[in-house]
There are 2 protein chains.
Amino acid sequence: MLDALDRKIVAALERDARVSFGELAEAVGLSKTPCWKRVKALEDAGVIRGYSTRIDPAAIGFGIEAFIQVSIDFEVSDAFEAAVKKHPLIRRCYATTGEADYLLQIVTVDMRALDRMLREELSRLPGVRRTVTSMAMREIKGDISFAEAAAHALR
Amino acid sequence: MLDALDRKIVAALERDARVSFGELAEAVGLSKTPCWKRVKALEDAGVIRGYSTRIDPAAIGFGIEAFIQVSIDFEVSDAFEAAVKKHPLIRRCYATTGEADYLLQIVTVDMRALDRMLREELSRLPGVRRTVTSMAMREIKGDISFAEAAAHALR
DNA sequence: CCTGAAATTATCTTAAC
DNA sequence: GTTAAGATAATTTCAGG
């Protein structure tokens, strides 16, 4: 289990993954050595999965984000999931409860590309029976800090 | 607009935000200085929004992930959105087209906490009229590389 | 399990070309 | 774009609380 110092470390790394160990140690109130050891331990324990870069989808050319609820034929779920993992425009995919079997989040350059994506690519993935598309008009909130969420949940 | 080298840089940074400039330069086939300059330019242009850490929600104590479609009274949309931004357990929020007005992704420790979250917190946010909850049973795909998506979309 | 310091190695950042 | 060099930071090790 993570203690309060670990959570402070994780929160700081979620805010800025490129912070130096010197700054990180100062921010959490430790000296460099134990701070470094805790980060390594968090990596080894799988709490920290890796370090990534936040990209602005619009700045790189993606004007459209959409959510798609997908119902499939479960006999080919493995093939469907493999195809989802391979498709570059599918950002995220969850198996969900409810009316649909999966929830997908996709990006496309524009509406024309979204239309092509839906008609020519998504509908042809293995086992797809029905799709319901909802456009993301605006992002209100991006990713949260899990460490801060944990501090709230465990209060 | 980003050229092929910029996209390679972004792809490498999305894979590992803590890669050294030496390794990054070698990976994209540049020497360190121009590589460093391109990264700074990408940061200044807002293409790179920041560097973050991927955390395993389960490892930090969140056993439940859920999607919630929320319909609200638009007269208080500003207050609703402000409350959403402040709530630590709401990971993501998009304003969407379709039956509901917003799509939220939340995390909770367990089912009991999800029940409390829905009944005592979400339903009391400003203007909330109706919620439809769908559990995320399994994550098929996490975040993609936008740089690789762009390479696909612009082919 | 922490601090602090010292030594080594690697990396960052700037400046000159 | 390159190469080069001084400033900074990462990492390991060790003595000690």
Practice task
Using a 4.0 Å heavy-atom cut-off, write out nucleotides 1-6 of chain D from 5' to 3' as B (base contacted by protein), S (sugar-phosphate only) or - (no contact).
Solution key: SBBB--
Fill in the blank from the handout: Apart from A/Met137 itself, its cluster of hydrophobic side chains linked below 4.5 Å comprises none
Exercise for the section: With sequence neighbours excluded, tell me which residues meet salt bridge (charged side-chain N to carboxylate O under 4.0 Å, His left out) with A/Arg38. Expected result: A/Asp3, A/Asp6
Handout entry: Sub-4.0 Å heavy-atom contacts from residues 39-48 of chain B onto DNA chain D, ordered by number
Key = none
Practice task
Output all residues satisfying ring pair (Phe, Tyr, Trp, His ring centres under 6.0 Å) with A/Phe146, sequence neighbours left out; order by chain, then residue number.
Solution key: none
Exercise for the section: With sequence neighbours left out, write down each residue that passes side-chain contact (heavy atoms from CB on, under 4.5 Å) with B/Ala83, or none if nothing qualifies. Expected result: B/Leu125, B/Pro126
Practice task
Would you please name every residue forming a salt bridge (charged side-chain N to carboxylate O under 4.0 Å, His left out) with B/Lys40, sequence neighbours left out?
Solution key: B/Glu43
Problem - All side-chain contact (heavy atoms from CB on, under 4.5 Å) counterparts of A/Arg124, not counting sequence neighbours - result: A/Glu120
Exercise for the section: Applying side-chain contact (heavy atoms from CB on, under 4.5 Å), name anything that partners A/Asp115, two or more places apart in sequence or on another chain. Expected result: A/Arg119
Handout entry: Partner set under salt bridge (charged side-chain N to carboxylate O under 4.0 Å, His left out) for A/Arg49, not counting sequence neighbours
Key = B/Asp56
Problem - Within residues 7-21 of chain B: residues closer than 4.0 Å to DNA chain C (heavy atoms) - result: B/Ser20, B/Phe21
Completion exercise
Ranking B/Gly22 and A/Asp3 by the position along DNA chain C of their nearest nucleotide, the one closer to 5' is A/Asp3
Handout entry: Crowding at CD, B/Glu26 (>12 non-hydrogen neighbours, <6.0 Å)
Key = no
Exercise for the section: Calculate the interatomic distance between B/Leu24 atom CG and C/dA10 atom P; express it in whole Å. Expected result: 19 Å
For a quick test of your reading: what N or O donor-acceptor pairs under 3.5 Å do the side chains of residues 62-74 of chain A make, sequence neighbours left out?
residue, atom, partner, partner atom, Å
A/Glu65, OE1, A/Arg91, NH1, 3.0
A/Glu65, OE1, A/Gln105, NE2, 3.0
A/Asp73, OD1, A/Glu75, N, 3.3

Exercise for the section: Check whether any side-chain N or O of B/Trp36 sits under 4.0 Å from OP1 or OP2 of C/dT13, and answer yes or no. Expected result: yes
